[in-house]
There are 6 protein chains.
Amino acid sequence: MKFEHENSYEVQDKIRQFRAAILPIGAVEAHGPHLPLGTDNLLAERLADKLAARTDSFVLPVLPYGQVWSLRNFPGSINVSNEALIRLLADIGESLYQQGFHIFTMVNGHLGNAVALKEAARVLYERVPELKVFYFFYPGTKEITAQVRESSAAHGTYMHADEIETSYMLYLAGEYVDMSKAIDGAPRITAEADCTPTPWEEITSSAVLGDATLATREKGEKIIERSLDVMAEMLLRTKRALEDGDHQDSTD
Amino acid sequence: MKFEHENSYEVQDKIRQFRAAILPIGAVEAHGPHLPLGTDNLLAERLADKLAARTDSFVLPVLPYGQVWSLRNFPGSINVSNEALIRLLADIGESLYQQGFHIFTMVNGHLGNAVALKEAARVLYERVPELKVFYFFYPGTKEITAQVRESSAAHGTYMHADEIETSYMLYLAGEYVDMSKAIDGAPRITAEADCTPTPWEEITSSAVLGDATLATREKGEKIIERSLDVMAEMLLRTKRALEDGDHQDSTD
Amino acid sequence: MKFEHENSYEVQDKIRQFRAAILPIGAVEAHGPHLPLGTDNLLAERLADKLAARTDSFVLPVLPYGQVWSLRNFPGSINVSNEALIRLLADIGESLYQQGFHIFTMVNGHLGNAVALKEAARVLYERVPELKVFYFFYPGTKEITAQVRESSAAHGTYMHADEIETSYMLYLAGEYVDMSKAIDGAPRITAEADCTPTPWEEITSSAVLGDATLATREKGEKIIERSLDVMAEMLLRTKRALEDGDHQDSTD
Amino acid sequence: MKFEHENSYEVQDKIRQFRAAILPIGAVEAHGPHLPLGTDNLLAERLADKLAARTDSFVLPVLPYGQVWSLRNFPGSINVSNEALIRLLADIGESLYQQGFHIFTMVNGHLGNAVALKEAARVLYERVPELKVFYFFYPGTKEITAQVRESSAAHGTYMHADEIETSYMLYLAGEYVDMSKAIDGAPRITAEADCTPTPWEEITSSAVLGDATLATREKGEKIIERSLDVMAEMLLRTKRALEDGDHQDSTD
Amino acid sequence: MKFEHENSYEVQDKIRQFRAAILPIGAVEAHGPHLPLGTDNLLAERLADKLAARTDSFVLPVLPYGQVWSLRNFPGSINVSNEALIRLLADIGESLYQQGFHIFTMVNGHLGNAVALKEAARVLYERVPELKVFYFFYPGTKEITAQVRESSAAHGTYMHADEIETSYMLYLAGEYVDMSKAIDGAPRITAEADCTPTPWEEITSSAVLGDATLATREKGEKIIERSLDVMAEMLLRTKRALEDGDHQDSTD
Amino acid sequence: MKFEHENSYEVQDKIRQFRAAILPIGAVEAHGPHLPLGTDNLLAERLADKLAARTDSFVLPVLPYGQVWSLRNFPGSINVSNEALIRLLADIGESLYQQGFHIFTMVNGHLGNAVALKEAARVLYERVPELKVFYFFYPGTKEITAQVRESSAAHGTYMHADEIETSYMLYLAGEYVDMSKAIDGAPRITAEADCTPTPWEEITSSAVLGDATLATREKGEKIIERSLDVMAEMLLRTKRALEDGDHQDSTD
């Protein structure tokens, strides 16, 4: 399923057959003492692998640099601009379309990338309207997460190096987690943080936005598998619609 | 040495100690029947690992998308624009500098990226003049390559999926090479190809610009090791100069 | 409080005294049969007036064009790009800072503008770091809205021409609402709509994302006043901090 | 005639009938002691209203921010760049065309916007060639102004807060003029001011480029009505041509 | 005085002495049957030479490509965008400043360049505020032209291949004029042409906006010499001010 | 053959007949004590003239400003950015195509322009695919140069003010060369100079990258004439192909 392991001679037929390419996108970013800087890359990549296996899609190499404005001043974070990301993603999408792909799925492991992904998808909607573009950031997990979590969420949208993300890692890339170093981050997120540019050093010194000690592999598995169901369902429905279109064409 | 496996709590001291970050850059691109699409990524990444080991540097995650204008119409190639690349690389370099790095080394596995890398380095030269930026595409290998090669070079500058690049792969990532499929590409490169935009489908149908069947692990090792010597020497000299500067400061 | 009614001779002293400028931002956009195209402009402007009265701030003229991608194909919508908006807003903010303002508050009446406002605020964070920038889209209203609403929300984030927004209008600009035309929109928002570019003609024919017939002036008043409390508190705290800084300076 | 007071359900038929949208564009800018900062917005808006009444056109909400380079350092001025304006105006024009408009008329109240308006019109000329775009800055008033004025013009092109512009205000928005504060500005405009970047603080301290005390409502009326004749004639001729085209099509 | 004939070893002292660089800017553009396509380049270059001789300035090589939107569809015209011009001119100005120049004078032979020149001058005003930038398009010639001309002007601002411009050519570059082919252009310029994008094929088939047969060398000489007086006076005054500044510095 | 000496009335037929336009591109740049700053402009222009004579092409006016990053700090150099150049060149090419040209040949006299020329050619390849674009920097001279030269080359790619370039000047523009000042530059070009941004003041104080005293008119003639053969052959072959296409069309 790894696109870059294919060779040029054999790949064309497979593109025609698979039609769908999955791009994992992450970031290099501080994730506290118990998770590696590459956490979002690992999550995006492994999630993409699982999604590909369920949907007969190609997995592209992970794009490992993301928009890390909020945590850019924490040790180890590497930040790139929305503009650079949007341009690169739109280029990749257009190139995939020219290669014969009809579905371009971005599996995002880092919330800070969300704006760039949505914007790139809209750029592609104009430029190559026949390419179906998805941008996924753990879709369909709101309810299951509420059921599973033991600590309360630090914020309505952010989730970072906490009970939930650490559980994801324990399920998808447990060999990179050191639970002996996990802490309860206890951030102080003021209402202002949603209304004015707020580097996260103002709200946390650890970058752990919650209680990572409560993370378990099982919690991660439950949420991730639910999200995989949701993503796979959307992809497979789109593939079937494409096939129906083909069938339609051939019987006209 | 893998930067993304570090965690935020411990990485700051190591950045101060290492001072140098190495970014491997490749591409997803057609490389004939015997080499995978990700050849340039594999080469860049493994070369970066070796260089890091010799110079006490961090290796950043590989940037796996490159400018593939010439081969963009070959099955499996993914092309991104110089502009997207330049912007992304300049962002990464600036962010590294803010993290405390003093040396930013780009190890390039794909010739098509050369313009973007040099331009990004010049952007950084203005923006963060204290950051030393290297862009390496197998430097110092001209003579040793001439000695080692059995087939003549198809072109003065280009080298692609041929005796030489295949030898690199045999040395650095042999498990991805299928020599049973290697061919003699025999391209017809006209003088015009250097003077007018020329997609490579006009000069080759295989994307193999030479005789890949002559490739051996030994040839690859000789050239790669020579290049590593050259790169390591430049990096280490720069590191020593930085240390001398520190010493100077502390004795003033 | 209307900045554009001031004259150049007298305004300088008032800028020194007020320090804060409020920019209402809306859009021209389809809002169903019962609300005018300029709904978001009216809301932003009247909300800004109330906020200014509570905080001794200037109100700038409303910026009446916004990013209306989702509804751009509905009759009467006018859409401008994020890029145009970001550039304009950053220019306005920089100019205000050069005029002597220390607080730039954007009161947003249209959710589609949220990305541009946040991005413009970050641009200004780099360009004129001493300017405090707020971007407000009805902050602090989550709980009160849940209490007040009778119909369930059509979507986790979107709110458009429904029970809630219509209530806002009844409270802030009731003379522009024709409740006799209000309808229950009943949109069909699929999970996909959050994961792929989805023009709203795919989910609604009326642009009314909920049951507008349930709107009342009282509901609007409750939510809007709560939001005004939250916004005013943030602004006044920032103003006090500036004054403390002044006092500090003068006693040093 | 106010577009933003229409609702989405009824507006489509009216667009088909009117075909023409008028965008007033002004600025927030120092206009001496007797005129408000929003003078150019008031003029543009009221002029647009009168033009719409004569030509059965829609009036869009005023765009109240303009390029104010020359007076940007005067108290109360807000300056935005040509680039931001051009982009925004081109977006608005393209969106209007997609809504079914065939004529996009920009009524400009601020000379500093002239470059951006002309450039935006040329951008639209390429992008949507079927959209007729007008940019009006008091066209056809040269002779009548020469007849009416008592003081001599301070400059060949500039007119600012002087006898003429104050007369416009007395006619169109007299309630915002305080003639008791009107002064004779007597600027010293050197020949150099047309040949090198010259902020107006170098040529005037009042921003009044002439003798505002000579302004009268009657002078304003004469010039403004002449200009309205000229603008209305151009618009109506264009509308008739469109209708002839329709008739032509329907009889073919 | 020709900068490009200097050599690098000797030029530095002369830059210190002259301080001023003059850049002629023209265009390749249709100028009727009697004038060559390069008319504006010839005028700009020869005018620059004369100005340099009077002011001890360097003349840079002519920039021979300009914004020719209006005549771009006439045979022989070459059109470049304002954006390309602005960027190039700002780069040249910045580079001159870094070389030690303090005055950058653009002598423009083509009205269509005026917007780009003024905008570039404003960019430089921010970027290198110590560089004095002039943009000249025959300044100070309004009155003398009115006296000299026999035919009436076709337009308030435009002057093209007519009595006046042809007279300039007869004076400055007579060897390129073929008066036997001169015609009376008699354009029909409507009022609309100033209010909507109007390619000149709509107003003229010859590109001659007036009666070229009335042109004489003497008329050209009178106007050009007057303009030279005006330009030289501004430059010399600026140079004296710089020298006074130096003197000031050395006696402090 | 000089395009700018043509007039608009007669040029259209000649464009149809010639079909090819040649743009000489140079730079203003330090070239040591014996060569003028405008060396690259002189070379490009004279080479273009000779090529035009052999191929029945038009010569456009020289574009005399180039990318001079490496030598920008040497007295007399004027540097413009790649971005400005690319944009300008793409505009020129597009305009030529609209004028009826089918071949756009850039004759480059300055190596620093090479990246911009190639990039502009690729932009045009997308924008006006039917326009054939050549970028020439002394093509086909590798072998003859190796035969002719007496001193060894200072660098694999660079050639500047040395035996070779001075020989070019002696052949093409000898009246601007002062051989009495020619020196042996003896630069110290380290391996690093190809791997990190390196202003040339770090490798030479004279800007003469070789032994200019060995230059002769004969050497220049041999290399230049060889290059002219190569360029003319490519152009003429392209012209014949166009004519065959016409013939084909007319007999269909």
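Numbers restart at 1 for each chain; the letters A, B, ... are given by sequence-line order, proteins then strands. Since we're looking at a predicted model, the values are computed, not measured.
- Identified by a heavy-atom distance below 4.5 Å to chain B, contributing residues of residues 103-129 of chain A are lacking entirely.
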Quiz item: Do B/F74 and B/T204 pass the side-chain contact (heavy atoms from CB on, under 4.5 Å) test, and can you show the C-alpha distance, the side-chain angles, and the key distance before you say yes or no?
Solution: CA-CA 10 Å; B/F74 278 66; B/T204 173; 4.2 Å; yes

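- Only the side chain of A/V28 comes within less than 4.5 Å of a heavy atom in chain B; its backbone stays farther off.
- In this structure, A/L96 CG and A/L131 CG are separated by 7.5 Å, a value rounded to the nearest 0.5 Å.
- The contact between A/K181 and chain B is made entirely by side chain atoms (from C-beta outward), counting heavy-atom distances below 4.5 Å.
- The nearest pair of heavy atoms linking B/G185 to B/S206 is CA-OG, 4.0 Å.
- Interface remark: of the candidates A/K2, A/E29, A/E10, A/E83, A/E83 forms the most heavy-atom pairs closer than 4.5 Å to chain B.
- Ranked by non-hydrogen atom pairs under 4.5 Å with chain B, the options A/I86, A/D178, A/I78 are led by A/I78.
- The two residues B/A161 and B/V208 have their closest heavy-atom pair at O-CG1, 3.2 Å.
- Ring geometry for A/Y158 versus A/W200: interplanar angle of 30 to 60°, hence tilted.
- A/L235 and A/S57 make their closest contact through CD2-OG, 3.8 Å (heavy atoms, listed as atom of the first residue, atom of the second, distance).
- Annotation: side chain of B/I15 is in contact with side chain of B/F3 (closest heavy-atom distance under 4.5 Å).
- Interface residue B/L23: only side-chain heavy atoms are found under 4.5 Å from chain A.
- The minimum heavy-atom distance between A/I203 and A/T198, with the atom names listed, is CG2-CG2, 4.3 Å.
- Every residue two or more places apart in sequence or in another chain was checked for a side-chain hydrogen bond (donor to acceptor under 3.5 Å, both in side chains) with A/Q17, and none qualifies.
- At a heavy-atom cut-off of under 4.5 Å, chain B is reached by A/L37, A/G38, A/N41 from residues 37-49 of chain A, listed in order of number.
- Both the backbone and the side chain of B/E6 come within contact range of chain A, judged by heavy atoms closer than 4.5 Å.
- Taking 4.5 Å as the limit, every side-chain heavy atom of A/N7 sits out of range of all side-chain heavy atoms of B/L35.
- For a residue to count as touching a neighbouring chain, one of its non-hydrogen atoms must lie under 4.5 Å from one of that chain's; by this rule B/F101 does not touch chain A.
- Between chain B and the options A/A30, A/A207, A/S77, heavy-atom pairs under 4.5 Å are most frequent for A/S77.
- Comparing A/V80, A/L63, A/V11 by heavy-atom pairs within less than 4.5 Å of chain B, the highest count is held by A/V80.
- Minimum interatomic distance between A/R72 and A/W69 (heavy atoms only, all atoms of both residues): CG-O, 3.1 Å.
- Looking at B/E94, there are no atoms closer than 4.5 Å to chain A (heavy atoms on both sides), in backbone or side chain.
- Note: B/Q99 leads B/Q99, B/Q98, B/Q12 in heavy-atom pairs under 4.5 Å with chain A.
- Of the residues considered (B/P64, B/P36, B/S8), B/S8 shows the highest number of contacts with chain A, using heavy-atom pairs under 4.5 Å.
- For residues 8-35 of chain B, the pairs satisfying ring-ring contact (aromatic ring centres under 6.0 Å, His included) are B/F18-B/F58, B/H31-B/H160, with sequence neighbours left out.
- Contact tally against chain B (heavy-atom pairs below 4.5 Å) for A/S95, A/P75, A/A84, A/G76: the top residue is A/P75.
- Between B/Y176 and A/H5, the two ring planes are tilted [angle within 30° to 60°].
- Atom OG1 in B/T213 sits 3.5 Å away from atom CG in B/D211 (nearest 0.5 Å).
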Exercise. Check step by step if side-chain contact (heavy atoms from CB on, under 4.5 Å) holds for A/D56 and A/M1.
Key: CA-CA 8 Å; A/D56 280 346; A/M1 294 309 196; 3.8 Å; yes

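- Between A/E165 atom CD and A/Y138 atom OH the span is 6.0 Å, to the nearest 0.5 Å.
- With a 4.5 angstrom heavy-atom cutoff, B/I92 touches chain A via backbone and side-chain atoms both.
- Contacts of B/V68 with chain A are absent, with no heavy-atom separation under 4.5 Å from either backbone or side chain.
- When all heavy atoms of A/L85 and A/G66 are compared, the pair lying nearest together is CD1-CA, 4.1 Å.
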